[in-house]
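Working notes, beginning with the structure itself.
Residue numbering restarts at 1 for every chain, and letters A, B, ... go by the order of the sequence lines.
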Amino acid sequence: MTDHLARLNPEQREAVETLDGPLLVLAGAGTGKTRVLTTRFAHILLTGRAFPSQVLAVTFTNKAAREMRERVASLLGRPAEGLWLGTFHALGARILRRHAEQAGLTASFNILDSDDQLRLLKQVMEAARLDTKRWAPPALMAILQRWKDRGLTPARLTAAEVTDFANGRAPELYAAYQDRLRTLNAADFGDLLLHTTEILRARPDILAEYQRRFRFILVDEYQDTNLVQYLWLRLLAQAHRNICCVGDDDQSIYSWRGAEVENILRFEHDFPGARIVRLERNYRSTAPILAAAAALIAHNEGRLGKTLRPGGNDLTGEKPAVLALWDSDEEARMVGERIEGLRGAGESLAETAVLVRAGFQTRAFEERLITLGVPYRVVGGLRFYERAEIRDAIAYMRVLHQPADDLAFERIVNLPRRGIGEQALRAMHQIARDRAVPLSAAALVLAAEGGVRGRARTALDGLLQGFQRWRERLGTAGHVETVAAMLDESGYTAMWREDKSPEAPGRLENLRELVRALADFDTLPGFLDHVSLVMENEENGGADRVSLMTLHAAKGLEFDTVFLPGWEEGVFPNQRALDENGAKGLEEERRLAYVGITRARRRVIISHAANRRIYANWQASIPSRFLDELPEEQILRSGSAALARDRLVSAPAAFPGAFPVLARRTRVVEVWEQPARPPREEAIAVGTRVFHQKFGYGIVTAASDGKLDITFDKAGSKRVLDRFVEPA
DNA sequence: AGTGGGACGCTTTTT
DNA sequence: GCGTCCCACT
């Protein structure tokens, strides 16, 4: 019965066996965090301290949830049933469904994806007669999401929260957006936690039910939790205080979407007497890799203090390589060649990854690998359910399941094209508004009262009768058959069959896959939740392929060989991160670098290029400051532009925050000295008040090379090209 | 109603 | 260099 404990080191064992009371596990990269979490879970069950249904285990990603489920099952020797194990959002949805009426919804509410959220918000803004050119819907979406991340409902907003957005109308728009969601019987991602937390706060009886149920709470990636997630956890854990949070402040890389590392400190405060266990023995990487990672992260201030030590690993290993290259093409060639070399030496491609700062960077490597015939996969590109054909099919299912889903109805009413155009749609909206009914109901009225004629009339009648028929069928024939019939009879699959574009066959295959996946679920609503919260791309996972992904997507993974290209100022650290969050932004970028290095077991190849192609034109780049923070004796520098570092150091910056002006000899200079194209007739002077389409009004604080530093009234300080602004 | 051209704006990360 | 949006044309 103690078998599962045998392979743990003393700290891990303490983290597993300390069952009573609050426990914080600070787990460095590669220190066996997942093992601790899963073993602890199994330990709770095996010692009979709780039934599976009495443990709440929360992860951040679906991948992590799946992995935990599998590993717990293997420790138990049987599949674990009835677990409350999943992502914050999935568990939030599960609880919210049971008490939906408390939030003004019904149990069958739909979960909107980000696309729907944005469309809805845009509609709300247009209804409020806001110029959506001037005030960008995505900007407002971000504001609302941050509020939701912090557990702020419209009613909880204080005066201090008012922003300049839309002249202070954001709270009003927020309330209107939430109203619209309620009318549509829909929740966005943020609502899944916001509503549940609000319910737990308002209803002590409901809270008590869950507090009784969940005897133990386990939280993974605790450093990534936002405030509302923290409040949610605290409410649920308050009674028994058996909460165990596992996290690593050095791997906190999601502050931009509301995560607050401070939750770790708050934990000690809110749960006095919490035990803290540090896991510092790394079993993943070779000593030089660990040394490089440790030296880098040591440049961050305000860490909780944790030192990664080799836990008996290979102490001799290969030193991380830092390669300087002429340009981004050469960088892509280098990575390609090395990968071929590794392959030739018998290394597994699946154990090789190229990790980049931003998604668009994968493209160059893709092209190179295609040329070389090296199989690869891009992790975390378009999600399965983000593909057009999947979203369309889902929209059909949503209308089938819930006729009041206006967003879904609008999406498919003229798809495939049935001649129901703008006119007909406008008439429907009119009726819907006048009678306060959903669009699909308005469509019935419209068809019945002859508001449309001819082709449109026939088409609309056909569609509405179709839905009626499919709904009846759903009761008798079951959801799989009904959905398949619906997609055929509506003409949707035919649309792709007739499509001659090269993607069409793939789309049809995706649709077949969707219907196949449907069979795994007993009910249609269960499936819809799965699709919006869980479903991922699973394309040939087993094949031996190189992985291309962002650093964010790589967290939690490990590979023998890791390529880290693009270590240049502006790219990594990312310029926007610096502009928007200053020193804090830089530290988060550094943590991202730390995450990248610690993904590697045996081999790290960092690279930077002196010239990078960005869109159409070439741009000179400066090596990333992170390169200077690596321990000289533990890395191997080489490459044609190795001298670039000296230049960076010797050239003074033109103004605070500006890239240093780079000059001097060699062919590098030719590119670096290329004058920026004369941007506009007369320069905009410092101190001028200007207007920018996206950021609004602001004052120019610095100007150079056609670029302006502007402090915007609401968007903060940014650097923009001067052709994007007009004197106000 | 649907299609095509042109202008424009934007390039971070995602449950 | 791309996708999106708008408008004008068929």
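Taking A:F563 as the reference, nothing meets the ring-ring contact (aromatic ring centres under 6.0 Å, His included) condition, with sequence neighbours excluded. When the ring-ring contact (aromatic ring centres under 6.0 Å, His included) test is applied to A:W84, the partners found at least two apart in sequence or on another chain are A:F214. With sequence neighbours left out, the ring-ring contact (aromatic ring centres under 6.0 Å, His included) criterion links A:Y174 to A:W147.
Here A:F189 packs flat against the base of B:dT15; its ring centre is closer than 5.5 angstrom to the base's six-membered ring, tilted by less than 30 degrees. Taking the 5.5 Å centre cut-off and the 30° plane limit, the aromatic side chain of A:W256 is classed as stacked on B:dT13.
Straight-line distance between the C1' atoms of C:dC5 and B:dT12: roughly 23 Å, to the nearest whole Å.
In this structure, A:R146 atom CZ and B:dT14 atom C1' are separated by 10 Å, rounded to whole Å. Atom pair A:E588:CD and B:dT14:C1' shows a separation of 13 Å (rounding to whole Å applied). With rounding to whole Å, A:K555 atom NZ is found 12 Å from B:dT14 atom P. Regarding A:I253, its CD1 atom lies at a distance of 9 Å from the P atom of B:dT14, rounded to whole Å. Taking atom CG on A:N574 and atom P on B:dC10, their separation rounds to 16 Å, with Å as the unit. For A:N226 and B:dT14, the CG to P distance is 17 Å, given to the nearest whole Å. Taking atom CD of residue A:Q145 and atom P of nucleotide B:dT13, one finds them 15 Å apart after rounding to whole Å. In this structure, CG of A:L551 is placed 10 Å from P of B:dT14, rounded to the nearest angstrom.
Nearest-nucleotide mapping onto DNA chain B: of A:A358 and A:T87, the residue sitting toward the 5' end is A:A358.
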Between side-chain atoms of residues 362-369 of chain A and protein atoms elsewhere (two or more places apart, or another chain), which donor-acceptor pairs fall under 3.5 Å?
from, atom 1, to, atom 2, distance (Å)
A:T362, OG1, A:G359, O, 2.9
A:E366, OE1, A:Y376, OH, 2.7

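Nearest heavy atom pair, residue A:V571 against residue A:G566, reads CG1-O, 3.5 Å. A:A609 and A:E568 get closest at one heavy-atom pair: N-OE2, 2.7 Å.
Using a 4.0 Å heavy-atom criterion, one finds that A:G190 contacts no nucleic acid atom at all.
For residues 410-420 of chain A, every residue pair satisfying the salt bridge (Lys or Arg N to Asp or Glu O under 4.0 Å) rule, not counting sequence neighbours, is listed here: A:D392-A:R411.
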Set out, line by line, the N/O atom pairs under 3.5 Å between protein and nucleotides 1-6 of chain B.
from, atom 1, to, atom 2, distance (Å)
B:dA1, OP2, A:G421, N, 2.7
B:dG2, OP2, A:N414, ND2, 3.4

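Between A:R576 and B:dT12, a side-chain N or O to OP1/OP2 separation shorter than 4.0 Å is present. In this structure, A:S255 does not reach the B:dT13 phosphate: none of its side-chain N or O atoms is under 4.0 Å from OP1 or OP2.
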